[in-house]
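Below is one structure, written out as structure tokens; the observations come after it.
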Amino acid sequence: MSNSIHQFKVAGIEGAEINFADYAGKKMLIVNVASECGYTPQYQQLQELYEEFQDRLVVIGVPSNDFGGQEPGTNAEIRAFCTTRYGVTFPQTAKLSIRKSPHELYQWLTTKAKNGVMNSVVKWNFHKYFIDEQGHLINSFSSGVSPFDDQIIGQLTA
């Protein structure tokens, strides 16, 4: 279980807990998000990906203000922005720290000793982590990689 993301529970953006064990059997795309970033339009693609593959994929947005101060809003403001502007229905966590004092979820995602696969660095907003059905880290994708990139779609259709 230590090499599985299913061990984590995180506060959701609306207060209810997100238990990653609830997503066992589905792939996950975990993305640190921000409302005032050049990559913010990826919210639309993430929502489309979630809708198209929701039988086998859960997208989880993780708001963070650690990169350029581009997510200054409260959880309520972030949720309102995402639903009004992009129609987001995929789960989102409460705002977390990723770089300054990393939340345990991001310690696991970025540290090979914890995830058993790779070390990685989240350099900016909209960095993506792909997780398999058993909760194991498969790959990490930089901000510029589209949610519909062949590497991600290939994992979903394999």
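Quick caveat, the model's predicted, so the values are computed rather than measured. Residue numbers run from 1 in the order of the sequence given. In what follows, every heavy atom counts, from backbone to side chain, and hydrogens, waters and symmetry copies are set aside.
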Test of understanding: with side chain to side chain donor-acceptor pair (under 3.5 Å), list the residues that count as partners of [X], not counting sequence neighbours.
X	result
Asn125	Gln70
Asn139	none
Asp66	Ser97
Ser140	His127

- Query: Listed by chain and number, what are the ring pair (Phe, Tyr, Trp, His ring centres under 6.0 Å) partners of Tyr43, not counting sequence neighbours?
  - Reply: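 Listed in chain order: Tyr86, Phe126.
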- Task: Can you sort out the partners of Tyr23 under ring pair (Phe, Tyr, Trp, His ring centres under 6.0 Å), two or more places apart, ordered by chain and number?
- Result: none
On a heavy-atom basis, which atom in [X] and which in [Y] lie closest, and how many Å separate them?
X	Y	result
Ala34	Thr40	O-OG1, 2.7 Å
Ile78	Gly73	CD1-O, 3.6 Å
Leu109	Ile131	CD2-CD1, 4.0 Å
Asn3	His136	O-CD2, 3.1 Å
Val10	His103	CG2-CE1, 3.8 Å
Pro41	Gly38	CD-O, 3.4 Å

- Task: Begin with the C-alpha distance, continue with both residues' side-chain angles, and end with the deciding distance and a verdict on side-chain contact (heavy atoms from CB on, under 4.5 Å) for Thr110 and Tyr129.
- Result: CA-CA 9 Å; Thr110 59; Tyr129 286 95; 3.3 Å; yes
- Considering residues at least two apart in sequence or located in another chain, which fulfil the side chain to side chain contact (heavy atoms under 4.5 Å, CB included) criterion with Lys9?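 So Lys9 forms a side chain to side chain contact (heavy atoms under 4.5 Å, CB included) with Glu17, Asn19.
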- Message: The criterion is side chain to side chain contact (heavy atoms under 4.5 Å, CB included); which residues satisfy it with Thr83, sequence neighbours excluded?
- Response: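 Listed in chain order: Arg79.
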Looking at [atom1] of [X] and [atom2] of [Y], how far apart are the two atoms once the value is rounded to the nearest 0.5 Å?
X	Y	atom1	atom2	answer
Lys114	Leu137	NZ	CG	14.0 Å
His6	Gln134	NE2	CD	8.0 Å
Gln107	Asn115	CD	CG	12.0 Å
Tyr39	Ser143	OH	OG	5.5 Å

Under 3.5 Å, which donor-acceptor pairs link side chains of residues 50-57 to any protein atom two or more places apart or in another chain?
| unit_1 | atom_1 | unit_2 | atom_2 | d |
| --- | --- | --- | --- | --- |
| Glu51 | OE2 | Gln47 | NE2 | 2.8 |
| Arg56 | NH1 | Leu156 | O | 2.9 |

Check residues 144-155 and write down every donor-acceptor pair under 3.5 Å in which the side-chain atom is one partner and the other belongs to a residue at least two apart or another chain.
| unit_1 | atom_1 | unit_2 | atom_2 | d |
| --- | --- | --- | --- | --- |
| Ser146 | OG | Phe148 | N | 3.0 |
| Asp149 | OD1 | Gln151 | N | 2.8 |
| Asp149 | OD1 | Gln151 | NE2 | 3.1 |

- Item | Derivation and outcome, side-chain contact (heavy atoms from CB on, under 4.5 Å), residues Thr93 and Phe8 | CA-CA 12 Å; Thr93 70; Phe8 295 102; over 6 Å; no
- Qualifying salt bridge (charged side-chain N to carboxylate O under 4.0 Å, His left out) pairs, either residue in residues 22-33, two or more places apart: Lys27-Glu133
- Here the salt bridge (charged side-chain N to carboxylate O under 4.0 Å, His left out) pairs for residues 93-107, sequence neighbours left out, are none
- Query: Are any non-hydrogen side-chain atoms of Ile30 and Ile5 less than 4.5 angstrom apart?
  - Reply: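 Yes, side chains in contact.
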- Does the side chain of Leu96 come within less than 4.5 Å of Ser64's, by heavy atoms?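 Contact flag for Ser64/Leu96 side chains = no.
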Donor-acceptor under 3.5 Å ([X] side chain, [Y] main chain):
X	Y	answer
Ser35	Glu71	no
Glu77	Thr74	yes
Gln92	Gly61	no
Asn32	Val62	no
Glu36	Gly68	no

- Would you check, one step at a time, whether the test side-chain contact (heavy atoms from CB on, under 4.5 Å) holds for Ile18 with Ile13? CA-CA 9 Å; Ile18 295 173; Ile13 198 160; over 6 Å; no
- Message: Does Phe20 form a side-chain contact (heavy atoms from CB on, under 4.5 Å) with Ser4? I'd like the steps, not just the answer.
- Response: CA-CA 9 Å; Phe20 285 81; Ser4 170; over 6 Å; no
